[in-house]
Amino acid sequence: MTDISSLLVQPPPSWPEKYSGIPARLADIGNQTREKIYAGRSLPRVAPRKQGEELPVLPPDITRERFNEAVAELRKEIGEANVELNDKPLVDGWYMEHPNTHDAFHILEQDDTVSSATIYPGSTEEVQTTVRWANKYLIPIYPISMGRNLGYGGAAPRIRGAMVLDLGKRMNKVLKIDPDNCSCLVEPGVSYFALYEAVQATGYPLWIDTPDLGGGSVLGNAVDRGVGYTPYGDHFGCHCGMEVVLPTGEVVRTGMGALPGKDGEDNPCWQSFQYGYGPYNDGIFTQSNFGIVTKMGFWLMPATEHTSYLITFRDEDQYPQIMQTIRPLAINKVLGNVPQLRHVIQELAVTGKPKSHFYDGEGPIPREVIRKWAKDMPCGDCSWVFYGTVYGPDDFRKGQLDIIRREFGKIEGSRLMLPEKLPQDHYLHSRVSVCSGVPVLRELDWLNWLPNGAHLFFAPIAPTSGEDVKKLFELCRKRHEEYGIDLFPTLCVASRESHVIVNLVYDRSSPASKKAAYDCLRAMISDAAAGGYGEYRTHILFADQVANTYNWGGGALMKLNETLKDALDPNGILAPGRNGIWPERYRGKGYEIFPGDQRTSSLPPHINA
Ligand code: EUG
């Protein structure tokens with residue numbers, strides 16, 4: 001066991017001292033969370049690098065001499081300290097102290113998807129300088145906003161030895177908060193924690209929208225098309241205007257931003273009208289490698305009253321009926337936000353206690369054991385828990401809640417509970433915060449399920465229908481049983497569709513645990529595609545497989561993406577392989593990873609040798 005006392009002497013980094021830190025209001029939670037995570041960790045905090053490999057690890061097709069020359073040149077252009085070689089031991093850290101050198105939740109070996117260096121640009125101009133430099137030396141660069149894309153690859157580049165372009169460290173300003181237009185303009189290094197504090201400091205009655213965890217980048221999450229839980233939960237849908245550096249170094253502003261304001265000011269409608277004139281290009285800069293987003297506008301919701309509730313459902317097999325009840329309520333907007341439907345196992349996991357507290361046997365925790373524990377918890381002996389929120393004045397919310405009670409009441413054994421009736425540490429109180437735009441840190445707790453806990457997401461989209469969700473759950477259950485993994489499903493219901501989120505928790509110290517999670521995810525992606533279901537987002541190492549499932553019309557979509565990629569990034573320097581899009585220089589040379597490859601490395605064998 002690591003000596004954890006030495007890790008806990010200093011409090012976690014706090015905001016605003018550190019842009020990516022935790023605000024004072026969450027300091028205690030931060031300490032407790034870190035303590036719990038390290039208590040379950042047996043891996044050494046600092047891992048020595050592999051014997052015999054010269055550091056930093058270089059990107060493909062470049063000599064060390066040329067690499068060193070390139071680094072020296074970039075340092076001269078943007079400052080010595082702003083190019084940092086990745087030649088030190090790797091530290092996984094934890095959520096608030098996460099690495100920008102590799103994926104903290106490594107699913108292959110820890111040093112597989114490592115960078116060669118990290119670059120810290122301080123302005124859009126320095127991003128342009130860096131991009132032009134990368135074109136000169138043909139060095140792949142991998143932009144991150146803050147690097148907290150955890151469960152999807154974190155900060156790790158898809159190409160081993162690429163340089164990580166860490167935008168957030170020096171570009172972390174809230175550029176504007178407009179109380180009349182109800183909007184903001186931010187840089188990549190603004191977290192939900194930071195934006196929330198900035199809005200609070202203005203005193204304006206505005207909400208931000210936050211995902212389950214508040215440490216991520218507002219811009220980065222939207223660019224990966226993430227989801228939050230207020231009525232503004234569609235982060236891409238609620239953005240308005242971008243500034244983007246193209247892979248060849250030009251800067252564009254999208255939407256109304258393309259029309260210069262009077263006397264060189266930003267266009268006054270940049271955060272008011274999303275589309276501007278001509279083709280709507282914003283979409284091609286999300287989940288892609290076509291540009292580096294350096295500024296992004298977002299709409300902010302006027303603050304309102306709200307009530308969160310939970311509804312428990314008795315039987316495991318009631319979920320098709322639950323989904324059929326949800327669909328019309330969601331489409332008619334009686335459900336005010338993106339509600340979650342969680343399996344009861346999550347009630348155990350979100351307590352933050354390890355699996356071993358509940359069960360010391362082998363394999364997945366049996367249903368009867370979950371039942372035994374749930375019986376004495378506030379949710380009682382149930383199978384599914386629905387977390388929802390209604391918004392607006394008292395009579396609005398009362399009207400909506402009456403309908404919700406009536407409709408869900410038709411499902412035998414269902415029970416609705418309000419926050420007042422639940423103990424202070426119940427997860428519903430965390431939902432009250434998240435669903436009213438107050439970013440929190442609670443959701444990490446289920447990482448403690450296994451020692452050295454790490455996770456991967458399986459995130460397919462299903463129609464909000466009982467039959468479809470049943471098919472997906474059944475394939476997940478079958479594969480989880482096959483690979484001996486506990487099934488943690490959460491449905492995030494947008495309205496017509498649901499993001500079916502399955503958290504695969506694994507033990508980073510165990511090659512067998514990693515392999516089971518890896519193989520299970522590959523199998524589920526294939527099974528889902530065979531049934532016509534596709535993921536909305538995936539881990540960098542699964543991107544080729546997922547992109548290849550979107551293959552209607554003989555791969556017409558990927559052909560279009562490749563055409564765009566080659567036109568915009570002729571040298572293929574920007575995030576090669578991101579979302580399965582490979583530039584011409586790398587395409588078809590063995591970089592792609594498909595199921596059945598039995599690859600143990602992200603690089604092709606000829607590079608790896
Ligand atoms: C969650 C939701 C997501 C996602 C990853 C995790 C929720 C976990 C809706 O998108 O991509 C409880």
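For ligands, and for the atoms within them, numbers begin at 1 and follow the listed sequence.
Atoms of ligand 1 found under 4.0 Å from any heavy atom of E443, numbered from 1 in the order shown, are 12 (C). Taking every non-hydrogen atom of V227 and a distance limit under 4.0 Å, the qualifying atoms of ligand 1 come out as 9 (C). Taking every heavy atom of Y152 and a limit of under 4.0 angstrom, the matching atoms of ligand 1 come to 4 (C), 5 (C), 11 (O). Contact atoms of ligand 1 toward R537: 11 (O) (distance under 4.0 Å to a heavy atom of the residue).
Looking only at heavy atoms of the protein, atom 7 (C) of ligand 1 is closest to D212 OD2, 3.4 Å. Among all non-hydrogen protein atoms, the one lying nearest atom 6 (C) of ligand 1 is F457 CZ, 3.4 Å. Scanning the protein heavy atoms around atom 2 (C) of ligand 1, the nearest turns out to be I501 CG1, 3.6 Å.
Side-chain polar atoms of Q346 and T490 form a donor-acceptor pair below 3.5 angstrom. Using modelled atom types, one finds a donor on one side chain and an acceptor on the other under 3.5 Å when comparing Q545 with S526. Inspection of the Q340 and D212 side chains reveals an N or O donor paired with an N or O acceptor under 3.5 Å. D527 and Y533 form no side-chain donor-acceptor contact under 3.5 Å, judged by distance and modelled atom types alone. A donor and an acceptor atom, one from each side chain of S288 and N579, are nowhere located under 3.5 Å apart.
The distance criterion of under 3.5 Å between nitrogen or oxygen atoms is met by Y536 with respect to ligand 1. For the pair W446 and ligand 1, the shortest N or O to N or O distance does not fall below 3.5 Å.
Judged by the 6.0 Å and 45° rule, R431 forms a cation-pi pair with Y229. Taking the ring axis of Y95 as reference, the NZ or CZ atom of R148 stays within 45° of it and closer than 6.0 Å to the ring centre.
Here the CZ atom belonging to F105 is positioned 10.0 Å from the CG atom belonging to L456, to the nearest 0.5 angstrom. Annotation: the span from L447 atom CG to K36 atom NZ amounts to 11.0 Å, rounded to 0.5 Å.
Under a 4.0 Å heavy-atom criterion, F458 is not in contact with ligand 1. Contact between C492 and ligand 1 is present, with at least one heavy atom of the residue lying under 4.0 Å from the ligand. Heavy-atom distances between Q346 and ligand 1 stay at or above 4.0 Å for every pair.
When heavy-atom distances to ligand 1 are checked against a 4.0 Å cut-off, R342 comes that close only through its side chain, counted from C-beta outward.
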